[in-house]
Each structure stands twice: as structure tokens, then as C-alpha cells.
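Single-structure report; data block below.
Letters go in sequence order (proteins before strands), and every chain restarts at 1.
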There are 2 protein chains.
Amino acid sequence: MNAPVSTPTSAPALTKNQSLVFDVLDRSDAPMSAYTILDRLRDHGFRAPLQVYRALDKLLEFGMVHRLESLNAFVACAHPESECCGKGHGHGHGTVAFAICESCGHVSEFHDHEVDHRLGAWAKAKNFKPAKTTIEIRGLCGACAA
Amino acid sequence: MNAPVSTPTSAPALTKNQSLVFDVLDRSDAPMSAYTILDRLRDHGFRAPLQVYRALDKLLEFGMVHRLESLNAFVACAHPESECCGKGHGHGHGTVAFAICESCGHVSEFHDHEVDHRLGAWAKAKNFKPAKTTIEIRGLCGACAA
DNA sequence: TGACACACGTTATAGCATAACGCAATTGAT
DNA sequence: ATCAATTGCGTTATGCTATAACGTGTGTCA
């Protein structure tokens, strides 16, 4: 009784644990660490970090969640669904950049073709084969800087 | 007997611990974790992580070392000394990007004005005040991809 | 000479992530 | 139908990364 349950919507069907983890992230205004997610889900039967990490691995694979490397934390993908650069299943995109407010914790996700292109050009020139690109800007958001 | 010792060269004078940590990093072909650095320096009297982290904090502040967020590891700055975008003391620069080979561990450090500019433009438009920007490309270097 | 800043050393603890085991359920080929 | 392969799950234990909190020594400078 552990298999994914298909849903009326798009995207890959999520298992129960995956849904729980995604929902927690999706409802959060700020990035969450795996252990914070774990604590939020104790009431739903979560007891060990691996339950969270395994769900996160899948959600990352599906592109539904991003990992913020500079925070060791995770956010739900903020893409307005079926954006540009799609790979077909509604959650694909090129490299995404994040602006992280160090005061309020809010994260803005955005994409810039030109940045992508410049980094791609560098890679091509150096014969480097990119697998995953991380772009994170930490600072103060408009509201907090004021 | 703990104060920085001035050297014949440029830049801020380093303390003994800072020099030791920097030398280890500078001699390494690949990024090193704080704990790996610690192990390398046991023979020089290092016994606790804090000794490493404190030295790293200063070296980061001086711009002589970079932290790779996606690796939780550190590298000596590869800038050919007194590069562009200098802030005056020979180790200043704009945002730097890293290409990290997941096979051999080699890290290439580079800078792209246009990328800087695009990210800066986004920030300006959103009224976001950047403090620190991280750009890391993980993949395979030319040698390993072949 | 006394307040201050800073580097240092030590112990303890917090926070993030995975290894290794075994069980249960689904899939799909035979 | 059945067996092998795959995938998800739960648990325990462990490892790696980072910092808190304490106290010491030293150099600076009013």
C-alpha cells in the first residue's frame, strides 16, 4: 500500500509522504530545513530524517522543489506552472536563480535567459559539461531594506 | 604572541593559524572541507574545528578564500592577483562563479561582467539589496567529460 | 595601567545528511 | 499465476558540518 496514488492533476503522482512534504513546503513563506519539515510532520507519523530526505529527493527529481545550497534548506518551486523553457511536463525550466532575504527569509525565484546563456557559453568554451547550476543572491528584499 | 605578523608581501598580515589554513588550501587541487583541513593540521597543533573555522572566517573576509556552498567546502582564491574589479587591496572582485567537476574535483573560478550586470539589474528592479551572490556550476570538466 | 580588541584553545552541543538493514507493495515478464 | 525486479517505507545508528560559551594571553593606545 505504498505506491503513488494518481491524482486528477498533472505531473507525476506523489506518494503520501511526498505529498505531505510538498504541502508543508508549499504552504511555507520561507525555506525550511529537512529537520523543520520533520518536526512539522511528526503528527503525521514521521519519525526519522530519512523519511523527509527520501521524499525531498523525489520532489527535487520532479522539479517540484528546489534546494537552497547556501541555506541547506528547501522551497517549493514557485514557477507559475508551465512556464517557458519547459521540458514538457509543466515543471521543467532552465537554470533558476534565487534572491534570499536574510531579514525576513522570503525567497524570490526568477530566471534570466541571458545569464543562462553567458554561463552556457563559458562552459562551452571550456568544454565543461554542466549538470546543475546554482545561483543564489543573499541580501535584503525591498520591504526589509526600506 | 598571538597577533598577526606582517609579511614582506601585500594584503593583510595573517596570523599563524590563518597562514597554515591558507597554505593547506592553496596547495590543494580540490576544495577541502573544514574537517579535512583540520586533519591536515593536526601535526601543527590543531585540535578543534573552531581553530579552522575561525581562520576560514578571516580568510573569507579578506577575500583570499571562497566557500563553495554546494559542497560545504573551501578553496583558495584563484584570482591571478590584482585582477579587474579590484577594490584596491589586490583581492577584491565582483561576483565570482565556479565550475566544479564532480569527477576529478577540480574547480575553475571565473568572472562574467554580463552575468553580474543582469543579476544586478534584476535586483535593482526588485529593489533587492544583494549582499553576497553565489554561482556554482556542477558538472564534468573537459578532461573528465572526454 | 587599565580598558579594549583580537586571536587563541577547549569542551560541549546543535544542525544537516546518509549508511545499512529488512519489510511491504507494485510492476511486468514469463 | 508466479517470480524477479523495482520502489517506497520504517528504524537504528552513525557521520559530517558548524557554532555556543567559556576562559586565557597579548598587543594597542588613551
d([atom1], [X]; [atom2], [N]) in whole Å:
X: A:His44; N: D:dG10; atom1: NE2; atom2: P; result: 13 Å
X: A:Ile37; N: C:dG15; atom1: CD1; atom2: C1'; result: 14 Å
X: A:Asp57; N: D:dG8; atom1: CG; atom2: P; result: 10 Å
X: A:Met32; N: C:dC16; atom1: CE; atom2: C1'; result: 15 Å
X: A:Leu38; N: C:dT18; atom1: CG; atom2: C1'; result: 15 Å
X: A:Leu14; N: D:dT7; atom1: CG; atom2: C1'; result: 15 Å
X: B:Leu59; N: C:dA7; atom1: CG; atom2: C1'; result: 13 Å

A:His66-A:Phe98 aromatic ring centre distance below 6.0 Å: yes
Pairs meeting criterion side-chain hydrogen bond (donor to acceptor under 3.5 Å, both in side chains) with involvement of residues 22-38 of chain B, two or more places apart: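 Pairs touching residues 22-38 of chain B that pass the test: B:Ser33-B:Thr36.
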Pairs satisfying side-chain hydrogen bond (donor to acceptor under 3.5 Å, both in side chains), at least one member in residues 37-53 of chain B, at least two apart: B:Asp39-B:Arg42
Derivation of the side-chain contact (heavy atoms from CB on, under 4.5 Å) call for A:Val107 and A:Leu68: CA-CA 10 Å; A:Val107 173; A:Leu68 299 177; 3.9 Å; yes
If you check the [X] side chain, which of [options] turns out closest?
X: B:Leu50; options: D:dT11, D:dA21, C:dA7; answer: D:dA21
X: B:Arg54; options: C:dG9, D:dT11, C:dA7; answer: C:dG9
X: B:Thr15; options: D:dG10, C:dC8, D:dC9; answer: C:dC8

Counterpart residues, side-chain hydrogen bond (donor to acceptor under 3.5 Å, both in side chains), relative to [X] (two or more places apart):
X: B:Ser103; answer: none
X: B:Glu102; answer: B:Arg138
X: A:Ser19; answer: none

Output a table of nitrogen or oxygen pairs between the protein and nucleotides 16-18 of chain D separated by less than 3.5 Å.
| unit_1 | atom_1 | unit_2 | atom_2 | d |
| --- | --- | --- | --- | --- |
| D:dT17 | OP2 | B:Ser33 | OG | 3.3 |
| D:dA18 | OP1 | B:Arg67 | NH1 | 3.0 |
| D:dA18 | OP1 | B:Arg67 | NH2 | 2.1 |
| D:dA18 | OP2 | B:Tyr53 | OH | 3.0 |
| D:dA18 | O5' | B:Tyr53 | OH | 3.3 |
| D:dA18 | N7 | B:Tyr35 | OH | 2.7 |
| D:dA18 | N6 | B:Tyr35 | OH | 3.2 |

Presence of A:Gln51 side-chain N/O under 4.0 Å of D:dG10 phosphate oxygens OP1/OP2: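 Yes, A:Gln51 has a side-chain N/O under 4.0 Å of OP1/OP2 on D:dG10.
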Which residue lies more 5' along DNA chain C, comparing B:Lys58 with B:Arg47 via nearest heavy atoms: B:Lys58
